[in-house]
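The sequence lines fix the lettering, A, B, ..., with proteins before strands; numbering per chain opens at 1.
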Number of protein chains: 2
Amino acid sequence: MIDMTPYDSQMLKGLVSFLLLDLVAAETDYGYSLVVRLHERGFTELTEGTVYPALSRAEQSRWIDAVLVPSEKGPARKYYRITPAGNEERLRARAAWQRLAHLVDAFGSHPHQPESEEK
Amino acid sequence: MIDMTPYDSQMLKGLVSFLLLDLVAAETDYGYSLVVRLHERGFTELTEGTVYPALSRAEQSRWIDAVLVPSEKGPARKYYRITPAGNEERLRARAAWQRLAHLVDAFGSHPHQPESEEK
DNA sequence: ACCGAGTACCCGGTATAGCATGATAGACAT
DNA sequence: ATGTCTATCATGCTATACCGGGTACTCGGT
């Protein structure tokens, strides 16, 4: 009776928007395709129900903007492109993630010592 | 006008309980002291308003249990101790974190390739 | 013509959990 | 009494992941 989920959904909070910004920054893309790309990279639990609202929020925050492009198959696709502000946010979020990851990884190490900053 | 917060509070979701379990597992301790220990380890934004509710939740989940010990200064301290279930949860959360961190770190790397699992 | 599947998007509701704020309470000094 | 320091707890807000369902369009099979 082991929990088969690869990661903890709570730990994804604040990360989904960053992942999307990173994907869109690398390549202008639309929602459905972004879901597929996320799945390919291991985030198998992320579905449209999570990604579309996240894209809407990012658009409202002016981190991405959208262009509707008719598709041969199915309804029109909404292609998202990163904005300059979005790129800044992407870099900010990445830095925040790296700091956090560093703190967590160093967590078990020292019993307690405020000082000692190696590197 | 740079954001001076070291990390993103949303990214902490699901992590605080793990951090507390780790601290309590290493050393039986009470809330106020745990806040101090968290600050020492770089989690400077975490305050009592976050830690006490998290401890209550962990206690309700039977991950920790508490013993009231009268203190020389101020009201009695509630010393928390990890339970066997709490230790399991701690290990589960750590594994989940490591899987997630691995996924995020590998994120920018490959353009797209479902296969290729090195090591 | 109908149906299902794949593509593509959106909306409403729920749960989780971090955080702000403030209340409570004991011990001690002034 | 009043204030301060230590220590705990409760209430409410908010962001956001997630679930279920619905809408639309295209294509292929029956």
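- The A:Tyr32 side chain lies nearest to C:dA8 when the options are C:dA8, C:dC10, C:dA20.
- Listed pair B:Tyr52 / D:dC9 fails the phosphate criterion, with no side-chain N or O lying under 4.0 Å from OP1 or OP2.
- Rounded to whole Å, atom P of D:dT6 lies 21 Å from atom NZ of B:Lys78.
- Rounded to a whole Å, the CD1 atom of B:Ile64 is 12 Å from the P atom of D:dT8.
- Taking side-chain N and O atoms only, B:Tyr30 has a distance below 4.0 Å to OP1 or OP2 of D:dA7.
- Summarising the geometry, the separation between CG on A:Leu55 and P on D:dT16 is reported as 13 Å, rounded to the nearest angstrom.
- Judged by the 6.0 Å and 45° rule, B:Arg41 forms a cation-pi pair with A:Phe107.
- Heavy atoms only, all atoms of each residue included: B:Arg62 and B:Thr83 are closest at O-OG1, 2.7 Å.
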Next item on the list: Kindly indicate, with the supporting measurements, whether the criterion side-chain contact (heavy atoms from CB on, under 4.5 Å) is fulfilled by B:Arg77 and B:Leu68.
Entry: CA-CA 6 Å; B:Arg77 293 169 173 171; B:Leu68 265 180; over 6 Å; no

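- Atom P of nucleotide D:dA10 and atom CD of B:Glu59 are separated by 10 Å, given to the nearest angstrom.
- Contact check on A:Asp29 versus A:Arg81 returns no salt bridge, with no Lys/Arg side-chain nitrogen under 4.0 Å from an Asp/Glu carboxylate oxygen.
- Contacts of residues 10-18 of chain A with DNA chain D (heavy atom under 4.0 Å): A:Leu12, A:Lys13, A:Gly14, A:Val16.
- Follow the hydrophobic side-chain contacts under 4.5 Å out from B:Val67 and you reach B:Tyr30 in the same cluster.
- Sequence order on DNA chain C of the closest nucleotides to A:Asp8 and A:Pro75 puts A:Pro75 first from the 5' end.
- B:Tyr52 and B:Val69 fall within a single hydrophobic cluster, where Ile, Leu, Val, Met, Phe, Trp and Tyr side chains are chained together by heavy-atom contacts under 4.5 Å.
- Atom CZ in B:Arg77 sits roughly 15 Å away from atom C1' in C:dA25 (whole-Å rounding).
- Note on A:Gly49: a base of the nucleic acid sits closer than 4.0 angstrom, heavy atoms only.
- Among the heavy atoms of the strands lying under 4.0 Å from B:Thr50 is at least one base atom, whether or not backbone atoms are also near.
- Closest to the side chain of B:Glu48, from the set D:dA24, D:dC18, D:dT8, is D:dT8.
- Contact between the side-chain N/O atoms of B:Arg57 and the OP1/OP2 oxygens of C:dG18 is found at a separation under 4.0 Å.
- As rounded to whole Å, 13 Å separates atom C1' of D:dA7 from atom CG of B:Asp29.
- When all heavy atoms of B:Asn87 and B:Ala25 are compared, the pair lying nearest together is OD1-CB, 4.5 Å.
- Note that the two end axes of the helix from C:dA1-D:dT30 to C:dT30-D:dA1 enclose an angle of 20°, each drawn from 5 base pairs, rounded to 10 degrees.
- The side chain of A:Lys73 contributes no N or O atom lying less than 4.0 Å from OP1 or OP2 of C:dA5.
- Whole-Å rounding puts the B:Tyr80 OH to D:dA7 P distance at 14 Å.
- Salt-bridge formation is detected for the pair B:Arg92/A:Asp8: a Lys NZ or Arg NE/NH1/NH2 atom is positioned less than 4.0 Å from an Asp or Glu carboxylate oxygen.
- A donor-acceptor pair under 3.5 Å is absent between the side-chain atoms of A:Thr50 and the main chain of A:Leu46, judged by distance alone.
- Between the P atom of C:dC10 and the CG atom of A:Leu34 lies a distance of 12 Å, rounded to the nearest Å.
- A:Leu91 and A:Tyr80 are not part of a single hydrophobic cluster, where members link through side-chain heavy atoms under 4.5 Å apart.
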